[in-house]
There are 2 protein chains.
Amino acid sequence: MRIKDIAKLAGVSPATVSRVMNNNGYVKEDKRKAVLEVIEAVDYQPNEIAKSLKSQKSRMIGVIVPKISTETASRVVAGVTHVAKTAGYQVLIANTNLDIEEEIKYLKFLSNKSVDGIIMMGTEVTDRHLEVMNKLTIPIVILGQKVSGYTSIIHNDYDASYQMTEYLINQGHKAIGFIGVDEKDYAVGVLRKKGYLDCLSDYNLNGSDGLIAIGDFDIDTGFKMMKKILAKSQPTAVFAVTDHLAIGAIHALLDQGYRVPEDISVVGIGDIKLAEYLNPPLTTMHYTFKTSGQMAAEAVFDLIENNAHKGEQLMTSFQLKERRSVKHL
Amino acid sequence: MRIKDIAKLAGVSPATVSRVMNNNGYVKEDKRKAVLEVIEAVDYQPNEIAKSLKSQKSRMIGVIVPKISTETASRVVAGVTHVAKTAGYQVLIANTNLDIEEEIKYLKFLSNKSVDGIIMMGTEVTDRHLEVMNKLTIPIVILGQKVSGYTSIIHNDYDASYQMTEYLINQGHKAIGFIGVDEKDYAVGVLRKKGYLDCLSDYNLNGSDGLIAIGDFDIDTGFKMMKKILAKSQPTAVFAVTDHLAIGAIHALLDQGYRVPEDISVVGIGDIKLAEYLNPPLTTMHYTFKTSGQMAAEAVFDLIENNAHKGEQLMTSFQLKERRSVKHL
DNA sequence: CTGTTAGCGCATTCAA
DNA sequence: TTGAATGCGCTAACAG
């Protein structure tokens with residue numbers, strides 16, 4: 001059913017149908033009514049693709065995520081779809097499974113006007129990314145990493161990490177272990193580590209090598225890194241940079257016969273949904289991933305529709321969730 | 001950069017450029033080379049929207065999910081995006097937040113050729129849904145519910161539930177509580193309950209009213225329903241129809257001073273990622289949500305590209321994960 | 001106020 | 001083997 005058919009049925013021209021559908025231009029009341037009736041009767045739905053070709057806008061945005069099945073990513077996407085809906089946009093998901101080539105491929109592919117804007121949830125942003133991003137003609141916002149020159153939504157990783165470390169110190173801990181990730185992920189790998197190190201140093205504490213272990217993002221890494229730390233040192237608390245890592249660490253501890261938090265305390269960052277249902281309930285920093293997604297979406301729409309200033313850096317808040325995985329010494 | 005520009009740069013006609021891009025028709029080798037060089041040089045990306053308008057195919061599929069931030073949904077979407085990628089399709093996400101009107105709206109909206117096929121992750125499939133689905137001209141596959149006449153990917157909820165109940169009975173349990181959900185969700189609300197009831201009956205056991213509680217899908221419901229059951233009866237085991245419900249139940253039990261599984265055993269269905277890291281590690285039925293998503297995607301593509309027979313019912317497997325939340329009596 | 005025309009970028013006739 | 005012309009469905013410009 002095309003606009004032409006509706007026009008014929010209503011006894012008007014296609015242009016008139018278009019005018020009533022889009023509520024612009026003058027249309028006499030009786031014709032408008034006639035058109036509306038036909039539209040109603042046949043449940044006419046305009047062809048969005050044709051509209052896109054004409055208007056050079058697709059009313060779609062692309063979201064590039066490293067791994068959709070992750071709680072973080074799905075919360076972000078929930079936030080994005082939420083504001084996209086009220087703005088009348090559709091969202092296209094590109095799941096890259098952390099493959100940089102895939103990310104770049106999608107960056108290019110999505111750009112040929114097949115979407116009006118892009119939100120990229122970044123882990124690592126390389127020069128290759130930048131090169132492609134610089135050629136993009138559509139707005140892009142980066143979520144999770146700070147990229148100068150591009151609008152970014154970032155989590156306050158440094159402060160969150162610093163404050164978490166400080167919290168542990170305030171609870172009387174001095175030997176604080178650290179489980180981190182590779183520095184290729186600047187936000188998580190570098191910033192969270194720096195927050196920890198700086199805080200330690202500010203309190204004249206020592207982050208010796210034996211207390212620090214670096215690995216991947218998964219629970220199993222948390223498990224292994226915890227054992228590695230235990231082999232070299234005797235922390236009273238361990239700060240894992242993600243909740244999953246913390247869960248792995250707790251299990252390693254339990255496995256070695258330690259009690260948490262009685263013998264060793266453990267904290268994470270992120271506040272996954274189940275954090276409070278863990279045993280012990282995990283003390284962690286609550287991150288507002290859904291809100292980040294919303295902010296990112298609002299930022300792209302602002303860029304798309306209002307030609308907003310590109311390059312703004314928005315920072316989301318975090319909040320300490322004190323639960324029961326830390327012992328006050 | 002349009003096809004016309006490339007043509008000009010390469011000194012050929014747009015038609016020739018189109019021929020080399022799509023590898024069809026005859027093109028003399030030197031011209032082909034010239035075109036390829038220009039394409040390479042300017043990194044030409046064809047306009048997908050124009051292609052779609054021309055071909056009447058968008059190479060996109062829509063996925064309607066009740067709530068993307070849910071582990072189940074995000075695993076399904078991971079499966080869908082995975083096979084979509086290899087098939088060269090993009091996926092459009094429509095997040096309905098369990099709003100039936102939204103589902104219907106998207107069913108209509110996505111259909112106007114803006115996608116080539118739809119995967120709907122269903123909770124409740126009403127007559128209104130059916131009415132709209134019947135008018136659809138593009139293929140649709142339902143995931144999670146059985147809808148006759150439509151290709152559906154279903155989980156074997158009845159058998160999973162029956163076997164879980166039987167497992168509990170084999171462990172010596174006779175008073176088995178049940179935490180379920182509303183029957184509007186046929187698969188989870190009706191089938192899983194029926195599996196439980198039928199099994200009980202086959203073993204001449206009694207699913208008295210005091211042992212059964214029905215509520216929503218969230219953890220808190222599990223908590224409340226568990227307390228409700230405890231107020232009326234004294235089960236030795238409780239079967240919750242989802243892992244989240246089971247987690248809530250465990251917490252209610254702990255809260256009342258019971259030990260799990262020493263005093264009361266608890267099982268769930270789904271096998272969320274953290275199930276094995278819970279305390280106690282949760283015995284549950286492993287469901288293959290990512291595989292379901294893959295199957296659904298394969299099914300739509302089959303419908304789209306090979307005009308496959310519509311109405312097939314595919315059932316996914318499940319597997320008991322015996323962990324430590326059940327005591328052998 | 002309304003209809004006719006043209007063109008968005010592409011692939012596909014049809015001629016040459 | 002190639003190019004010119006056409007049309008996918010829509011909306012904007014222009015004419016009336």
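On a predicted model such as this, the values are computed, not experimentally measured, just so you know. Numbered from 1 within each chain, the chains take letters A, B, ... in sequence-line order. These values consider heavy atoms only, across backbone and side chains, with no hydrogens, waters or symmetry-generated copies.
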(message) On DNA chain D, compare the nucleotides closest to B:A15 and B:S55; which residue's is nearer the 5' end?
(response) B:A15
(message) Tell me the interatomic distance from B:I39, atom CD1, to C:dC10, atom C1', rounded to whole angstroms.
(response) 13 Å
(request) Please tell me which of the listed nucleotides, D:dT1, D:dA12, C:dA11, lies nearest to the side chain of B:S18? (result) C:dA11
(request) Ignoring hydrogens and angles, state whether a donor on the side chain of B:D185 or B:T123 is under 3.5 Å from an acceptor on the partner side chain. (result) no
(message) Any side-chain to backbone donor/acceptor pair from B:K85 onto A:N95? Under 3.5 Å, distance only.
(response) yes
(message) Could you tell me how far apart A:Y44 (OH) and D:dC10 (P) are, to the nearest whole angstrom?
(response) 3 Å
(message) Between P on C:dA11 and CZ on B:R59, what's the gap in Å once rounded to a whole number?
(response) 13 Å
(request) Give the nucleotide from the list C:dC1, C:dT12, D:dC8 with an atom nearest to the side chain of B:L53. (result) D:dC8
(message) I want to check a possible cation-pi pair here: B:K146 against B:Y186, using under 6.0 Å from ring centre and within 45° of the ring axis as the test.
(response) no
(message) If you only use heavy atoms from C-beta on, which nucleotide in D:dT2, C:dT12, D:dG9 is closest to the side chain of A:K54?
(response) D:dG9
(request) Report yes if a side-chain nitrogen or oxygen of B:T16 is closer than 4.0 Å to either non-bridging phosphate oxygen (OP1 or OP2) of D:dG3; otherwise report no. (result) yes
(request) Could you work out which one of C:dC10, D:dG9, C:dT2 sits closest to the side chain of B:K51? (result) C:dC10
(request) Consider the side chain of A:I3, meaning its heavy atoms from C-beta on, and name the nucleotide among C:dC10, D:dA4, D:dC10 that approaches it most closely. (result) D:dC10
(request) Grab the CZ-P distance between B:R32 and D:dT1 for me, whole Å please. (result) 10 Å
(message) Can you tell me which nucleotide in D:dG9, D:dA12, C:dG9 comes closest to the side chain of A:R2?
(response) D:dG9
(request) Indicate whether OP1 or OP2 belonging to D:dT11 is found under 4.0 Å from a side-chain N or O atom of A:N22. (result) yes
(message) Quick check on side-chain contact (heavy atoms from CB on, under 4.5 Å): which of A:I119, A:I104, A:L110 does A:I64 satisfy it with?
(response) A:L110
(request) Return the value, rounded to whole Å, for the distance between atom CD of B:E48 and atom P of C:dG9. (result) 14 Å
(request) Quickly work out the A:R19 CZ to D:dC10 P distance and round it to whole Å. (result) 15 Å
(message) Under a 3.5 Å cutoff, is there a donor and acceptor pairing between the side chains of B:Q313 and B:S152?
(response) yes
(message) With a 4.0 Å limit, can you tell me whether A:Q56 has a side-chain N or O closer than that to the phosphate oxygens OP1/OP2 of D:dT11?
(response) no
(message) Counting the atoms with a prime plus P, OP1 and OP2 as sugar-phosphate, which does B:P14 contact under 4.0 Å by heavy atoms, base, sugar-phosphate, or nothing?
(response) nothing
(request) Nearest whole angstrom, please: distance from the P of D:dC8 to the CG of B:N47. (result) 18 Å
(message) Output the rounded distance in Å from NZ (A:K4) to C1' (C:dG3).
(response) 14 Å
